[in-house]
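Beneath this line is the structure, given in structure tokens, with notes to follow.
Proteins come first, then strands; the chains are lettered A, B, ... in the order of their sequence lines, and each starts at number 1. Every value quoted in this text rests on a predicted model; they were computed, and no experiment measured them. The figures that follow rest on heavy atoms only: side chains count, while hydrogens, waters and symmetry mates do not.
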There are 2 protein chains.
Amino acid sequence: MTRKSSSVTIRDVARHAAVSVATVSRFINRTAPVSQEVAERIQQVMLDLNYKPHVAARQLATRRTLTVGLVIHNMHTDFFAPLLSGIEAVVSENQYNLLVATYDYKTHHHRPLPIGPHNTDGLLSYADCLNEEQLTDLCRVKFPVVLIHRTAPPQLRVPFVTVENKAATYKLISHLIETHGRRSIIFLRGPHEQEDSRWREQGYRDALEEHGISFNPDLMLCGEFNRHGAYTALKKFLARRHPPFDAIFSGDDDAAIGVYKALREAGLRIPEDVSVVGFDDARLSTFLNPPLTTVRAPTQLVGQTAASILFDLLQERTVETCTLLSTEIVLRRSCGCTYENPGEPFQDVVR
Amino acid sequence: MTRKSSSVTIRDVARHAAVSVATVSRFINRTAPVSQEVAERIQQVMLDLNYKPHVAARQLATRRTLTVGLVIHNMHTDFFAPLLSGIEAVVSENQYNLLVATYDYKTHHHRPLPIGPHNTDGLLSYADCLNEEQLTDLCRVKFPVVLIHRTAPPQLRVPFVTVENKAATYKLISHLIETHGRRSIIFLRGPHEQEDSRWREQGYRDALEEHGISFNPDLMLCGEFNRHGAYTALKKFLARRHPPFDAIFSGDDDAAIGVYKALREAGLRIPEDVSVVGFDDARLSTFLNPPLTTVRAPTQLVGQTAASILFDLLQERTVETCTLLSTEIVLRRSCGCTYENPGEPFQDVVR
DNA sequence: TAAACTGATGTAACCGGTTACATTAAAGCA
DNA sequence: TGCTTTAATGTAACCGGTTACATCAGTTTA
């Protein structure tokens with residue numbers, strides 16, 4: 001591996017400017033006043049020598065990394081880009097760096113966490129990438145953590161940011177029942193540990209109950225929150241040819257893509273034969289054919305908010321422990337709604 | 001800001017294990033043999049004390065960060081997720097960390113680069129985020145850099161990874177001309193500095209010339225490689241109602257979305273009135289209505305390849321200076337092709 | 001048997017910053 | 001004038017690792 005060449009240190013600067021290293025450090029960090037004349041001399045020398053402070057040395061001395069970390073389980077999904085974009089905006093605004101790592105305790109349990117106190121000043125953790133033990137360990141050393149799309153174990157009091165899942169799902173399912181007369185609605189679950197999925201299921205059950213429809217466990221499939229999982233699960237279900245159904249809650253938008261495919265292959269029309277709805281309002285959902293009725297989750301805002309809270313923690317300000325961002329349902333054509341909209345697919349009906 | 005609490009140092013471990021710090025360090029890094037018995041003692045103490053080496057201290061001592069950086073101009077685009085995903089895979093495989101930053105010399109020129117030798121062991125830089133001066137500076141200190149989607153200034157010999165733009169565009173435009181009889185093809189440029197755009201334009205011009213169609217500068221618009229830029233540019237063009245056209249090369253897939261919208265608002269049908277084609281084969285392009293004919297760029301592979309080359313540089317292996325990944329055209333419906341495909345939109349015709 | 005080598009370990013300098021504490025000169029005040 | 005305060009600066013310890021060099025016992029080689 002290459003050694004860093006020709007590093008100019010603070011001592012070089014001090015020598016050329018004929019002052020002590022302390023003075024240079026003070027000037028750089030503005031931690032104490034420095035005379036005008038000396039300041040200019042140092043400034044000039046720094047430019048001449050092209051001096052760049054050595055980050056690791058500074059980190060070692062101050063015990064701060066000026067870096068925050070993000071742990072997420074993978075980067076393929078469409079969900080990831082807006083989330084990261086929101087986070088990055090806040091991080092760079094605070095002049096911090098962002099370390100990203102894919103990690104999932106279920107698949108990487110043999111490995112230590114790639115991000116932690118040794119690395120960063122704080123951590124954003126998505127969904128169930130870390131298990132409770134890992135979270136507990138971090139809390140024990142008072143390491144600032146903000147959870148995204150999962151609530152904190154109650155004894156820990158870790159702040160978290162997520163979106164309103166239950167009420168939106170309730171609203172969406174109610175819409176299917178009331179407006180489109182659907183009564184046999186398949187529910188595609190996400191990964192088992194994912195909280196979002198559990199809340200959505202609760203909204204689904206509540207909506208059924210509210211409308212006097214009894215819950216049918218045979219209509220619960222496991223879509224895994226992705227197109228392939230959803231496709232496979234639905235395909236298997238369709239092969240059984242029972243029970244009958246007239247609508248599908250896909251779990252999320254990516255899964256809806258798999259649903260579309262499976263239905264199309266089975267010769268079923270959307271929405272004439274089956275209403276389909278999703279969750280997230282991913283970038284592509286407007287462009288599906290038919291455009292997907294779904295729930296708009298403010299993913300970028302989730303990222304922004306989580307990052308802001310993390311910085312509040314770093315500055316030891318008091319923070320909101322639980323942040324639930326509101327969602328809204330977006331009616332497009334896949335549920336059976338029709339609407340005139342020449343500019344489609346740029347505009348939607350949002351409720 | 002919080003001070004890191006309770007840090008267990010290597011000296012604590014050494015003391016508890018009744019050995020010297022050097023021995024502990026050797027054991028941790030396997031840099032010299034340590035007797036079985038001592039090894040076990042150290043191992044046990046490290047577990048008991050929950051010792052984690054301090055990364056900054058190690059970085060300072062070794063002058064290596066075990067981190068590579070990625071500079072990109074923004075994270076919203078669909079392009080970004082597969083790119084990052086490819087990079088991250090290689091980075092974590094090499095047990096390195098990844099620092100990401102959004103930066104663009106055009107908008108951030110007042111700020112120093114957030115990523116550099118002070119930070120990382122090497123850098124991946126997307127397109128024209130860095131200008132030539134910045135690249136030259138990095139080269140001067142022999143800092144390993146790999147460019148993504150841009151070629152290196154000739155005097156620098158920085159390795160780069162990009163995709164075949166010209167030949168693919170040539171093929172696509174030829175397809176429009178030969179198969180669909182199009183002759184007045186609008187070309188939507190990307191950002192001016194972006195090399196991809198220039199190569200695609202060259203492919204476009206070559207195809208026209210080859211087919212005896214004279215180049216018409218009035219058909220060149222600036223779509224900026226995004227839906228809004230493309231929409232605006234095309235809208236303005238349509239308002240002028242001239243010259244006539246029968247096809248549009250959108251520049252990239254995201255721009256195609258804006259194109260679809262503008263055409264639809266003008267009452268023009270795709271592909272009956274106008275053939276539309278894109279570039280990239282973004283995740284959503286299959287799902288557009290009609291599905292978009294485009295060029296498949298192996299974006300994730302670009303990320304992977306660039307990262308691999310960077311690690312080759314770090315290990316001082318010799319590397320390929322220029323890597324041009326091949327692309328292929330994907331025929332869907334927006335150009336005028338029709339094909340039977342019950343499983344659509346999962347399968348495409350790839351040439 | 002002496003010399004050379006090997007394996008296991010310790011000592012202490014070093015990486016490049018920050019900062020507590022000490023020092024000095026100048027300014028403010030009674 | 002003498003004392004206190006303040007501004008500007010220097011000295012050196014410290015952050016937590018790595019590693020060159022030294023040591024020493026035990027083994028191999030001449």
Original post:
Any Lys/Arg nitrogen of B/Asp128 or B/Lys106 sitting under 4.0 Å from an Asp/Glu carboxylate oxygen of the other?
Top reply: yes

Cut-off 3.5 Å, side chains only: do [X] and [Y] have a donor facing an acceptor?
X	Y	value
A/Thr305	A/Ser308	no
B/Thr162	B/Glu195	no
A/Glu193	A/Tyr105	no

inquiry  = Taking CZ in A/Arg317 as the centre, count heavy atoms belonging to other residues, nucleotides or ligands within less than 6.0 Å. Is the count above 12?
reply    = yes

Numerically ordered, the residues 30-38 of chain B set in heavy-atom contact under 4.0 Å with DNA chain C is B/Pro33, B/Val34, B/Ser35, B/Val38

Could you check how far [atom1] of [X] sits from [atom2] of [N], rounded to whole Å?
X	N	atom1	atom2	answer
B/Arg64	D/dG17	CZ	P	17 Å
B/Ile42	D/dG17	CD1	P	13 Å
A/Asn119	D/dG17	CG	P	14 Å
A/Phe27	C/dT19	CZ	C1'	18 Å

Problem set entry | Name of the residue among A/Gln43, A/Gln44, A/Gln36 meeting side chain to side chain donor-acceptor pair (under 3.5 Å) with A/Glu40 |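 It is A/Gln36; the other options fail the test.
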
Whether each nucleotide of nucleotides 10-16 of chain C has a protein heavy atom under 4.0 Å at its base (B), only at its sugar-phosphate (S) or at neither (-) is summarised, 5' to 3', as BBB--BB

ask   = So, B/Tyr96 versus B/Phe311, ring centres under 6.0 angstrom or not?
value = yes

Original post:
A/Thr102: what forms a side-chain hydrogen bond (donor to acceptor under 3.5 Å, both in side chains) with it, not counting sequence neighbours?
Top reply: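 For A/Thr102 the side-chain hydrogen bond (donor to acceptor under 3.5 Å, both in side chains) partners, ignoring immediate neighbours, are B/Glu88.
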
